[in-house]
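Note sheet for the following structure.
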Amino acid sequence: MSKQVDTPDARNGISIETLRSEFPMLAKSVNGVPLVYLDNAATTQKPWSVINRMIRFETDEYATVRRGSYKLGEAATDEYEKARDKVARFVGTDDSREIVFTSGATQSINLVAQSYGRKFLSEGDEIIISHLEHHANIIPWQVVCEDTGASLKVIPVDDNGDLLMDEYAKLLNGNTKIVAVTHVSNALGTINPVKKIAAMAHDAGAVVLIDGAQSAPHMRVNVKDIDCDFFVFSGHKMYGPSGVGVLYGKFDILKTMPPYVTGGEMIETVTFEKTTFVEPPLRFEAGTPPITQVIGLGAAVDFIRDCGFEKISLYENDLLEYGTSLLQGIDGLKIIGNAKEKSGIISFTLDTVHPHDLVTILGEEGIAVRGGHHCAQPAMRRFGVPATARASVSFYNTHEELDALAEGVRKAMEMFS
Ligand SMILES: Cc1ncc(COP(=O)(O)O)c(C=O)c1O
């Protein structure tokens with residue numbers, strides 16, 4: 001069993017107690033026992049710095065953006081654009097025009113499918129996704145295939161949950177126009193070799209979208225190093241608010257794309273005969289944006305930066321190893337997904353207890369894990385299970401919480417024996 005990485009510098013000099021005290025939700029009790037929050041792949045808790053930044057904006061600085069040339073409006077616009085600059089640096093680009101604010105990863109993928117896909121796809125073209133995708137990176141492509149006559153191809157996975165890269169190579173051909181693959185599988189935790197995937201796609205002449213919903217909060221992402229054309233993620237999975245997400249796109253590609261949603265603030269001129277549109281990113285931000293949430297996302301980026309990705313990864317890897325070894329030690333428990341490289345997600349089934357019953361029983365003990373298909377039904381089917389229980393860690397979790405999970409699983413198994 002590994003020793004917990006909890007030296008004073010495990011989180012850039014912040015002790016686990018101090019770190020946890022920054023997250024008000026982590027102090028909550030459920031049924032009289034402390035909350036054990038292990039559903040971070042679904043959504044993460046927020047630190048005070050993010051909550052307070054949004055309260056300050058709402059109570060002291062609130063105005064709309066890009067409209068009012070009065071002082072408050074200008075200051076709000078500055079803060080909104082500062083958040084864009086922070087997000088740009090966070091993903092490794094210094095060109096803030098490459099960052100579009102959306103409502104989340106789902107909307108970002110739909111934007112690319114509908115805008116880029118409808119413009120550039122036609123009959124006979126092919127889109128490649130993988131067997132591990134979240135529904136958000138399957139259905140938008142299915143819809144655009146139906147509309148354009150393109151077809152969907154799927155990279156298979158092996159029994160561990162690793163993509164079969166040789167099969168991927170065979171799928172690529174002159175008809176491949178888009179490759180859209182998740183960076184980290186939300187169902188199994190597999191970390192995909194996205195840099196290699198992108199290079200192979202580019203050799204075939206395709207553009208590449210990486211779904212970073214599960215990677216952006218947990219590892220340093222550099223879109224220029226990956227060399228992807230699009231990268232998407234959500235604020236609420238990275239200690240920020242819900243209702244905001246990001247589409248990174250190479251500017252030269254964004255420039256060629258028509259608007260997805262139309263309305264105010266994305267136009268140059270409007271007459272009843274014709275409208276012309278502004279350049280990206282504003283071309284893709286029609287209407288009043290989620291101003292407070294964008295500013296909150298900027299604060300979340302600051303928070304992650306202050307903690308430091310090297311420390312976050314080190315600590316979360318330790319939790320993954322510890323949790324995996326604990327759960328592996330339980331007779332009748334099977335871990336689904338044992339990829340060579342994994343993020344802090346442990347999916348598992350029990351011989352005797354259905355995942356839905358398990359998570360209900362764990363919930364009574366104050367332990368929050370998710371049970372279900374995780375919006376990844378094809379991945380579940382590939383592994384011959386309708387559902388799994390999924391524990392997903394963040395660097396605010398502890399060995400003790402994983403001990404509580406293992407104990408809760410044992411108890412549930414006893415109840416059903
Ligand atoms: C890999 C992956 N992609 C996309 C999404 C969709 O994210 P959102 O619901 O925030 O749009 C999720 C959410 O769980 C996810 O895990």
Side-chain angles (χ1 to χ4, degrees), residues 37-46 87 91 100-114 129-143 154-155 157 161 163 179-192 194 197 208-219 221 226 228 230-248 260-261 284 289-290 293-294 296-297 300 316 336-337 339 341-347 368-380 382 387-394:
Y37 188 76
L38 293 169
D39 196 16
N40 295 288
T43 197
T44 49
Q45 300 299 343
K46 285 175 258 318
V87 170
V91 295
V100 178
F101 289 120
T102 64
S103 65
T106 301
Q107 198 200 19
S108 300
I109 298 169
N110 276 279
L111 191 165
V112 177
Q114 287 297 313
I129 60 172
S130 88
H131 215 129
L132 294 178
E133 301 310 315
H134 187 282
H135 296 164
N137 200 31
I138 301 175
I139 305 164
W141 304 115
Q142 275 175 341
V143 169
V154 180
I155 311 169
V157 292
L163 292 189
V179 174
V181 169
T182 193
H183 198 169
V184 170
S185 155
N186 69 306
L188 309 183
T190 306
I191 302 177
N192 287 324
V194 287
I197 289 170
V208 177
L209 178 143
I210 302 297
D211 176 356
Q214 297 294 342
S215 62
H218 302 291
M219 59 188 70
V221 165
I226 297 170
C228 50
F230 303 105
F231 187 92
V232 307
F233 56 102
S234 295
H236 70 97
K237 292 184 197 285
M238 49 178 282
Y239 316 108
S242 55
V244 64
V246 174
L247 165 65
Y248 156 82
Y260 168 50
V261 175
F284 302 108
Q293 289 87 334
V294 165
L297 178 61
E316 290 182 349
I336 309 287
E341 281 201 68
K342 272 187 76 169
S343 180
I345 289 173
I346 312 174
S347 242
V369 296
R370 176 152 171 198
H373 53 62
H374 316 295
C375 300
Q377 285 185 354
M380 294 292 110
R382 163 65 182 82
T388 68
R390 181 188 71 183
S392 50
V393 298
S394 155

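All residue numbers in this chain count up from 1 along the given sequence. Indexing begins at 1, ligand by ligand and atom by atom, following the structure's order.
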Show me which atoms of ligand 1 lie under 4.0 Å from any heavy atom of Asn186.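 Near Asn186, meaning under 4.0 Å from one of its heavy atoms, ligand 1 has 16 (O).
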For ligand 1, which atoms, with element, lie under 4.0 Å from some heavy atom of Thr182?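 In order of numbering, the contacting atoms are 1 (C).
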Worked check of ring pair (Phe, Tyr, Trp, His ring centres under 6.0 Å) between His373 and His135: CA-CA 10 Å; His373 53 62; His135 296 164; 5.6 Å; yes
Specify the protein heavy atom at minimum distance from [atom]: its residue, its atom name, and the distance to 0.1 Å.
atom: atom 16 (O) of ligand 1; value: Gln214 NE2, 2.7 Å
atom: atom 11 (O) of ligand 1; value: Thr106 OG1, 2.6 Å
atom: atom 15 (C) of ligand 1; value: His134 CD2, 3.3 Å
atom: atom 4 (C) of ligand 1; value: Asp211 OD2, 3.4 Å

Is there a heavy atom of His374 sitting under 4.0 angstrom from any atom of ligand 1?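 Not so, His374 does not reach ligand 1.
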Using heavy atoms and a 4.0 Å limit, tell me yes or no: is Asn137 in contact with ligand 1?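 So Asn137 does not count as touching ligand 1.
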Side chains of [X] and [Y]: does their closest heavy-atom pair fall under 4.5 Å?
X: Lys342; Y: Val184; result: no
X: Leu163; Y: Ile197; result: yes
X: Ile129; Y: Val181; result: no
X: Asn137; Y: Leu209; result: yes
X: Tyr37; Y: Thr44; result: no

Non-hydrogen atoms of Phe284 and Tyr260 that approach each other most closely: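 Scanning both residues, the minimum pair turns out to be CD2-N, 4.2 Å.
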Below 4.0 Å, non-hydrogen atoms only: which portion of Gln107 touches ligand 1? Side chain, backbone, both or neither.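 Under 4.0 Å from ligand 1, Gln107 contributes no heavy atoms.
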With backbone taken as N, CA, C and O and side chain as the heavy atoms from C-beta onward, which portion of Lys237 lies under 4.0 Å from ligand 1: side chain, backbone, both, or neither?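 The side chain, only.
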Polar proximity ligand 1 side, Ser234 side, N/O cut 3.5 Å exclusive: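 There is such a contact, yes.
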Using only heavy-atom distances, determine whether the side chains of His134 and Thr182 contain a donor-acceptor pair under 3.5 Å.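 No, no side-chain donor-acceptor pair sits under 3.5 Å.
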